[in-house]
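Numbered from 1 within each chain, the chains take letters A, B, ... in sequence-line order.
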Amino acid sequence: MRQLSQAAAIREGIVQEMRQDPSVILLGEDVGKFGGAFHITHDMLDEFGAERVWDTPISEAGFTGLGIGAALTGLRPIVEYQYLDFIFCAMDQVVNQAAKIRLMSGGRAKAPLVLRGPQGATGRGAQHSQSVEAWFMHTPGMKVVLPSTPYDAKGLIISAIRDDNPVLFVEHKLLYGAASPGGGKALSDTAIQAIGTDVPEESYAIPLGTADIKRQGSDVTIIATLLMLHRALSVAEELAAEGISAEVIDPRSLAPLDVATIAASIAKTNHVVVVSEDVSRAGVSAELVATINDHCFYDLEAPVQRVAAANTPIPFAPASERHVIPQVDDIRAAVRRVLSI
Amino acid sequence: MSNTMEIRRDPVDCAGHDRALLLRMFRKMLEAREFEEQLYYLFLTTAMPGTMHQAVGQEAVAVGVVSALNPDDTITSTHRGHAHCVAKDVPLKDMMAEMFAKQEGSCRGMGGSMHLTDFNKGMLGAFAIVGSGIPIATGAALSARVRGSGQVAVSFFGDGAVNEGIFHEALNMAALWNLPAIYIIENNQYALSMTVAESSAVPDLASRACAYGMPSLRVDGNDVLAVHEATREAAKRARAGEGPTLIEALTYRIRGHARFEAAGYRPSEEVEAWKKADPIERLAAGLLARGIAGEDELNAIRAEAEAAIEDAIEYAQSCTDVQAEDYLSYITAEN
């Protein structure tokens with residue numbers, strides 16, 4: 001089958017939805033003539049025109065609000081943030097307006113809105129490296145989706161666009177697999193697995209809130225998203241050589257969260273490691289541990305281990321960034337701890 | 001222009017205006033006033049939960065603007081939004097039921113006073129974070145353009161909102177792209193306790209539009225026809241693809257900021273002077289002066305407006321209380 005990078009898969013999903021649904025529009029900085037800072041929206045201006053691809057000023061709160069107003073009145077806007085760090089400029093619009101309007105209106109309003117952009121630590125310093133998903137997982141009314149493979153990315157972006165709720169669609173810079181036009185060489189990471197790169201040309205939708213078991217196993221469950229999913233898989237492969245069988249689950253969406261798939265795996269393995277690139281304090285990993293304790297406590301043979309970023313703004317120095325962000329070694333050590341080996 | 005526009009008390013000049021429109025404006029302003037006066041009483045008697053912000057004295061802005069729009073034009077409102085809803089024909093019974101947290105309320109009892117919404121009437125929502133509705137109305141204008149619907153989108157906000165950054169972001173984009181939007185500053189002269197002069201380096205708020213090359217004007221916000229005329233022109237421009245307009249309507253918040261807030265930071269002479277510039281009485285005087293309606297007819301309309309609110313209260317009290325778990329249906333839409 002045809003192979004696509006994750007960037008190309010996201011792009012293809014958006015283009016296919018825009019071709020079949022004239023209500024889908026794009027808003028964001030440099031999404032038009034520049035084609036997007038990470039090249040996701042290239043050539044869309046040519047194909048769809050300036051009435052559907054809006055190159056905005058640097059006004060994140062403003063164009064997020066425009067997206068909400070358009071969503072309330074019959075369109076399905078996709079709002080791009082050049083880096084997801086910048087979504088914090090628009091927190092009121094996202095958290096107080098988009099996420100709350102359905103409840104505030106007693107279900108009469110809907111805001112079918114996709115908020116998307118890249119995150120992840122890639123040597124760019126504290127304001128272009130952080131992972132933002134916990135803020136929005138904490139925001140009822142929103143869905144939070146995080147693809148780790150090209151196949152998932154295409155099916156999930158299509159579902160996100162069709163969804164009637166505001167969806168945060170989190171992309172990881174290191175997973176794009178394509179060079180940014182400003183940056184020269186393609187970003188990469190040695191742990192990235194060649195999985196899910198077969199991407200069908202036809203349109204397909206992956207339901208939001210369905211986890212995917214990326215590797216079957218019986219001794220320990222590792223739950224991870226985005227880049228961490230790839231690091232977890234490489235740890236699982238190493239451990240297999242020692243006869244340890246790790247099951248690796250990608251939730252693919254944190255809200256809603258597929259608790260059933262996670263619980264079924266834990267019922268089988270009785271040992272869990274959760275891995276997330278965001279900070280540990282009140283982070284995704286903390287919520288996952290709490291959820292596991294709520295649903296699976298009596299299946300656990302050891303305390304859940306979590307691996308997450310240190311509680312610090314991300315420093316620039318590569319050595320410090322590596323120290324802060326979970327590495328393969330950290331995940332491997334957590335698996336050994338949970339299995340007492 | 002100075003912020004201390006002369007307080008006008010003269011009758012609204014009704015010459016050349018359609019009688020039915022004038023009487024409808026009178027009725028709408030009375031309904032908005034009576035709605036809030038009754039709310040005040042209901043809160044006093046603790047019959048009503050929550051809080052509310054009254055627009056008593058500002059009714060000419062809401063009614064003047066909305067009377068110049070088409071029914072399918074859209075508006076965004078604020079925490080002080082009852083009058084906007086009344087003007088936009090949101091059913092009074094639905095509004096009152098919402099205030100009483102009833103299932104039949106305009107937001108099923110989930111929104112309350114500060115979030116009244118009615119999509120059937122083009123009322124996109126009341127956004128109670130100051131300034132936050134401005135980009136949302138702008139997005140509705142962008143959507144109208146993309147869909148080719150010919151609609152105009154209006155954002156109501158107060159003098160305090162112009163100091164939120166989002167005001168700048170939204171107006172810049174609207175002007176940049178000639179969107180069919182109208183921005184209404186309801187300058188009631190106080191952002192809670194802060195006067196315009198205390199919070200804006202340039203208190204002539206309409207003048208901010210020049211930063212975007214956007215036409216703007218200040219009107220007497222207690223003259224419903226002045227507001228109506230300004231909005232009609234702005235809507236005509238917007239529909240012709242000539243872009244947005246900023247209108248500053250100078251008015252006065254007769255009550256305190258919220259519910260029982262006493263507004264002791266205002267000189268009582270100032271409040272009294274503005275009470276004598278009541279927009280409803282100025283319209284009534286104008287109607288009488290031109291012989292458009294007699295005192296009996298105006299009294300009959302007053303009685304009708306009071307009866308409509310009384311009916312709404314009676315209806316709301318007979319509605320079904322929200323059940324504790326109703327909210328579970330409204331958190332997310334399931335496709």
When Q97(A), K110(A), R52(A) are compared by non-hydrogen pairs under 4.5 Å with chain B, the top option: Q97(A)
Test side-chain contact (heavy atoms from CB on, under 4.5 Å) applied to H115(B) and K100(A), step by step: CA-CA 10 Å; H115(B) 302 303; K100(A) 292 182 173 55; over 6 Å; no
Short side-chain to backbone donor-acceptor contact, D164(A) and A333(B), under 3.5 Å: no
Max heavy-atom pair count under 4.5 Å with chain A, selected residue of L179(B), T117(B), I129(B): I129(B)
Heavy-atom closest contact (Y330(B) atom, G106(A) atom, distance): CE2-O, 3.2 Å
Residue H138(A) excluded, over 12 heavy atoms near NE2 under 6.0 Å: no
Per-residue contact mode, T56(A) against chain B (heavy atom under 4.5 angstrom): both
Atom pair SG (C107(B)) and CE (M104(A)), whose distance is rounded to the nearest 0.5 Å: 8.5 Å
OG1-CD distance between T73(A) and Q151(B), expressed to the nearest 0.5 angstrom: 7.5 Å
Side chain / backbone / both / neither for E51(A) at chain B, heavy atoms under 4.5 Å: both
Residue part contacting chain A, namely of S106(B), when any heavy atom lies under 4.5 Å: both
Contacting region of D326(B) [heavy-atom separation from chain A under 4.5 Å]: neither
Atom CH2 of W135(A): over 12 foreign heavy atoms under 6.0 Å: no
From CZ (F119(B)) to OG (S105(A)), nearest 0.5 Å: 6.0 Å
Partner chain B: residue of A71(A), S59(A), P256(A), G74(A) with the largest heavy-atom pair count (under 4.5 Å): S59(A)
CD (E242(B)) with more than 12 external heavy atoms under 6.0 Å: yes
Atom group of I134(B) that falls short of 4.5 Å from chain A, counting heavy atoms: neither
Neighbour count above 12 (heavy atom, 6.0 Å) for Q20(A) CD: yes
Close side-chain approach of D92(A) to F127(B), heavy-atom, < 4.5 Å: no
Part of residues 78-91 of chain A lying next to chain B, heavy-atom separation under 4.5 Å: none
Between OG1 on residue T138(B) and CD1 on residue I68(A), distance to nearest 0.5 Å: 11.5 Å
R76(A) side, atom CZ; S143(B) side, atom OG - distance, nearest 0.5 Å: 12.5 Å
Heavy-atom proximity to chain B below 4.5 Å, by part of L72(A): both
Contact leader toward chain B among G107(A), A50(A), A61(A), where contacts are heavy-atom pairs under 4.5 Å: A61(A)
Taking every non-hydrogen atom, the tightest pair across W54(A) and R145(B): CH2-NH2, 3.8 Å
Minimum heavy-atom distance between P135(B) and G62(A), given as atom pair plus value: CB-O, 3.7 Å
Spacing of L66(A) atom CG and I136(B) atom CD1 [to the nearest 0.5 Å]: 9.5 Å
Side chain / backbone / both / neither for I166(B) at chain A, heavy atoms under 4.5 Å: side chain
Among L176(B), T332(B), T76(B), residue most engaged with chain A (heavy-atom pairs, under 4.5 Å): T332(B)
Close side-chain approach of R102(A) to I331(B), heavy-atom, < 4.5 Å: no
Salt bridge E334(B)-K143(A), side-chain N to carboxylate O under 4.0 Å: yes
Residue-level contacts of residues 23-33 of chain A with chain B, using a heavy-atom cutoff under 4.5 Å: I25(A), L27(A)
Heavy-atom neighbours of M114(B) CE exceed 12 at 6.0 Å: no
Crowding at CG, L192(B) (>12 non-hydrogen neighbours, <6.0 Å): yes
E169(B) side chain near E60(A) side chain, heavy-atom distance below 4.5 Å: no
